[in-house]
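Accompanying notes for the structure given below.
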Amino acid sequence: MLARRLRSTFPALSRRWQTTASTTAIESPSAGGHPSSVASSQLFRMTRESALRTPGISWQDDESDRNIVGGRETRKMNLYQAVRDALSIALAKDDSAIIFGEDVAFGGVFRCTMGLAEEFGRERVFNTPLTEQGIAGFGIGLASMGHTAIAEIQFADYILPAFDQLVNEAAKFRYRSGGHFSIGGLTVRTPTMAVGHGGLYHSQSPEGFFMGASGLKVVIPRSPIQCKGLLLSAIRDPDPVIFMEPKVLYRSAVEQVPIDDFALPLSRAEILIPGSDLTLLTWGTPVYHCESALRLLTSPPPSLAPLIPPSLRSAKVELIDLRTILPWDIETVVESVRRTKRLVIVHEAGMTGGVGGEIAAEVGKRAFLRLEAPVRRITGWDVPAGLQFEKFNMPDAVRILDGIMETLSY
Amino acid sequence: MASLARFRPAVRRIPAFARAIQTSADTTQLQDIIEDQSKPFTVKLHEESFRAYQCETPSLEVEVKKDELLKMYKDMQTMRRMEMAADALYKAKLIRGFCHLAIGQEAVSVGLEYGIKPEDRVITAYRCHPFAVMRGGTIKGVIAELLGRQAGMSHGKGGSMHIFTPSFFGGNGIVGAQVPVGAGIAFAQKYLGKNTATFALYGDGASNQGQVFEAFNMAKLWGLPAVFVCENNKYGMGTSAERSSSNTEYFTRGDKIPGLQVNGMDIIASRHAVQYARKWVTEGNGPLLMEFVTYRYGGHSMSDPGTTYRTREEVQRMRSTQDPIRGLQRYIEEWGLATEQELKQLDKDAKAEVDQAVEEAKQSPEPLAKDLWTDIYYKGTEPSSMRGREREEVHHY
């Protein structure tokens with residue numbers, strides 16, 4: 001495997017405990033857990049001008065000319081602050097909006113609801129017992145009365161006790177009542193994906209489990225601007241939405257975020273880097289690992305250079321953030337693959353039964369005669385997310401680079 | 001595992017220290033002499049009609065009216081006729097799939113409706129047909145739903161377990177799942193400052209589900225106007241209450257939530273208890289548990305003959321001695337409110353109403369194929385296409 005060779009020749013790319021294994025001294029791990037691919041990313045919008053010109057942005061306030069950007073302000077926010085900002089707008093503009101979940105009145109474990117209880121009252125932002133199934137059922141009942149119910153499940157791993165309520169009650173409420181009832185006001189927020197040291201029950205990516213639950217929407221943002229716009233869209237969407245926030249990005253992803261009320265469209269993928277030779281499709285944290293992989297491909301460091309044929313370095317790879325996982329944007333993805341003729345899908349969840357399989361099957365059907373290489377999935381392994389193995393489990397830049405090269409040279 | 005139950009030394013029906021609730025349907029006594037039949041009069045319930053847990057039992061003296069009793073009689077009779085019609089349609093293979101009938105439990109569904117207000121909310125499990133009608137639905141709508149027709153209350157998409165009205169949040173197919181949903185509904189009522197109550201019903205089988213206790217806890221914690229109603233018909237599917245529950249006193253299972261056990265076979269007691277419960281929760285006392293001790297004559301569902309886990313004699317004895325409709329019939333006759341002849345006319349009217357509804361429901365066409373894809377996502381927010389029944393069938397929105 002190329003990945004293995006790369007690691008031996010390019011130690012900087014290797015996992016931390018591999019490099020430290022060779023020395024007897026025990027280094028203390030680096031603080032913060034900010035992944036290097038996030039820290040070095042060029043995808044964040046760091047200026048006011050670029051933030052206000054985020055593609056697909058639609059202002060949701062009373063300004064007569066909705067597209068006007070002059071006079072609008074931005075503020076530097078990380079992802080959890082963007083969540084808080086969106087929730088604050090939702091509460092301020094909608095009297096029926098209520099936020100509840102485990103410890104949310106104190107800000108929640110990731111500080112996403114800091115100060116909201118003080119600002120909007122404890123009858124609107126309150127703690128629930130440790131009762132995931134009950135939280136989901138409670139939220140469904142609340143939404144069925146026309147309320148905007150914003151529930152937090154503390155970790156996406158804990159959404160599984162609520163799986164029945166979400167799949168059997170939430171997803172089907174409108175359908176099984178013949179259109180008489182709607183619980184579109186329900187949004188379930190939950191932190192997802194790996195954080196580097198979450199282990200078995202705090203680093204999973206359960207989005208794939210919901211793929212069969214038509215009636216639900218599943219959204220995963222990649223950055224603070226995306227998070228604010230998509231969360232406001234999710235809260236106001238007339239269907240129940242599960243909003244999964246990549247937890248490693250809460251602090252590490254920082255952008256200039258417009259302070260006004262705005263929306264970004266659901267069920268629409270976004271082309272982040274246009275290209276013509278391969279489509280690289282992902283969502284959430286791996287967006288940044290993909291970006292790193294593309295940098296390694298075009299300008300490899302000297303230690304990597306011998307392993308990457310010069311003919312591949314000029315390949316134009318199109319990077320797409322899927323953003324909404326269910327129902328997903330088939331048109332954008334298929335249109336891209338028809339142009340590039342190659343598809344690599346990256347997600348953190350395991351390969352078997354993952355979202356990538358569904359996308360690969362659909363693309364295989366719609367673009368079969370255009371494909372020059374099999375659709376490649378680069379995912380977590382089909383193993384539990386063991387604590388000390390977590391970094392091995394994640395699809396990192398090296399594995400993604402490996403997959404891109406194999407697919408390009410197929 | 002099932003065989004383990006056989007080794008239990010003795011099946012304990014009633015705890016030795018407690019007196020049993022009375023489930024007779026005809027022990028209510030007239031207190032006054034009725035001089036003017038248009039005016040309310042007082043009756044006295046059997047003194048073991050209620051048992052309370054951490055609260056007072058309701059008074060035994062109840063005021064009733066002739067018109068109301070006759071209407072309750074007609075409604076119970078109509079509900080039974082409707083369920084019998086569903087039974088016949090199922091056996092004629094016109095209704096397919098799952099179907100759970102509430103024959104024998106009419107005093108609960110009808111008694112509930114007579115004790116609450118239109119703006120209250122009700123949510124229940126899969127034995128839902130009478131509640132749907134009593135909460136503003138139609139017999140035609142229910143039967144058509146069972147038949148899977150366009151005129152069904154969920155347009156044929158739901159079936160037996162999924163029937164809704166604006167104040168009735170449906171039958172629900174997942175055992176116990178409706179209970180936390182009911183807590184959410186009650187929260188909205190409290191939040192909106194509406195002086196109304198939510199009645200969340202479940203069976204003795206569902207009472208052992210974890211999420212039922214999750215809902216109890218939230219409701220008590222937040223003082224919600226929720227009445228959690230256990231319809232104890234003594235069997236959760238084919239397992240008797242004693243074999244499934246370590247504590248069969250379902251009204252005591254709310255920990256700090258007070259409870260009330262009610263004779264669910266006497267509709268006067270049922271209605272009176274519902275009024276008591278409604279008052280309790282709307283006066284800011286927090287939630288209340290209610291247990292209706294009742295009985296279903298039929299099997300759990302259509303595939304269950306209902307005689308493998310209980311004797312025919314037991315069913316026969318309940319039917320002949322504790323039937324809620326016969327009980328009310330006896331009151332009406334003994335108290336001189338109507339003659340046997342007049343009641344027979346009400347029976348005929350009920351049958352005719354159901355027969356007509358069945359005929360109309362049968363005339364309704366089956367749902368259009370295009371409706372397979374509607375009401376999944378809100379109109380206008382659907383994905384561009386969804387797959388259908390066959391490989392080549394794809395619906396484009």
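Since the model is a prediction, treat every value here as computed from it, not as a measurement. Order of the sequence lines fixes the chain letters, A, B, ..., with proteins taken first and strands second; residue numbering starts at 1 for each chain.
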Please determine, among G184(A), G215(A), G134(A), the option with the most heavy-atom pairs under 4.5 Å with chain B. G215(A)
Show your working on side chain to side chain contact (heavy atoms under 4.5 Å, CB included) between S384(B) and E331(A) and close with a plain yes or no. CA-CA 8 Å; S384(B) 58; E331(A) 282 70 29; 2.7 Å; yes
Contact between M218(B) and P129(A) at the side-chain level, heavy atoms closer than 4.5 Å - yes or no? yes
Report yes or no: do Q211(B) and Q165(A) form a side-chain donor-acceptor pair below 3.5 Å? yes
Between K157(B), Q189(B), K379(B), E145(B), who has the most heavy-atom pairs with chain A when the cutoff is under 4.5 Å? K157(B)
Before we go on, tell me: are the rings of Y175(A) and Y377(B) under 6.0 Å apart, centre to centre? no
Sort F168(B) into side chain, backbone, both or neither according to what part of it lies under 4.5 angstrom from a heavy atom of chain A. backbone
Judged by modelled atom types alone, do T381(B) and K217(A) share a side-chain donor-acceptor pair under 3.5 Å? yes
Quick check: closest heavy atoms across E123(A) and Y191(B), and the distance to 0.1 Å? O-CE1, 3.8 Å
P166(B) versus chain A, heavy atoms under 4.5 Å apart: side chain, backbone, both or neither? backbone
Is L130(A) close to chain B through its backbone or its side chain, or both, or neither, when contacts mean heavy atoms under 4.5 Å? neither
Atom pair CZ/OG of R174(A) and S154(B) - distance to nearest 0.5 Å: 13.5 Å
Is it the case that atom CZ in R370(A) sees more than 12 heavy atoms from other parts of the structure closer than 6.0 Å? no
Anything under 30° is parallel, anything over 60° is perpendicular, the rest tilted; go ahead and classify F164(B) against F181(A). tilted
Using 30° and 60° as the class boundaries, would you call the ring planes of H180(A) and H155(B) parallel, tilted or perpendicular? tilted
Please rank L372(B), I163(B), L221(B), T198(B) by heavy-atom pairs under 4.5 Å with chain A and give me the top one. L372(B)
Looking at every non-hydrogen atom in both residues, tell me the closest pair between R366(A) and S385(B) and how far apart they are. NH2-OG, 3.7 Å
So which of G170(B), G182(B), G158(B), A188(B) has the biggest tally of heavy-atom pairs under 4.5 Å with chain A? A188(B)
Would you call R121(B) and M145(A) a side-chain contact if the rule is heavy atoms closer than 4.5 Å? yes
So which part of D371(B) gets closer than 4.5 Å to some heavy atom of chain A, the side chain, the backbone, both or neither? backbone
Given that the side chain runs from C-beta out, which part of A215(B) has a heavy atom under 4.5 Å from chain A: side chain, backbone, both or neither? neither
With a 4.5 angstrom heavy-atom cut-off, is it the side chain or the backbone of M386(B) that approaches chain A, or both, or neither? side chain
Apply ring pair (Phe, Tyr, Trp, His ring centres under 6.0 Å) to residues F138(A) and W222(B) and explain how you reach the verdict. CA-CA 12 Å; F138(A) 176 82; W222(B) 299 327; 5.1 Å; yes
Between F187(B) and F126(A), is a ring pair (Phe, Tyr, Trp, His ring centres under 6.0 Å) present by the stated rule, with each step listed? CA-CA 12 Å; F187(B) 184 93; F126(A) 55 88; 5.1 Å; yes
I would like to know whether D375(B) and K172(A) meet side chain to side chain contact (heavy atoms under 4.5 Å, CB included); could you show each step before the answer? CA-CA 9 Å; D375(B) 294 327; K172(A) 302 172 179 53; over 6 Å; no
Looking at every non-hydrogen atom in both residues, tell me the closest pair between I376(B) and D239(A) and how far apart they are. O-OD1, 4.0 Å
Checking the side chain of H162(B) only, and the main-chain atoms of G178(A) only, is there a donor and an acceptor separated by less than 3.5 Å? no
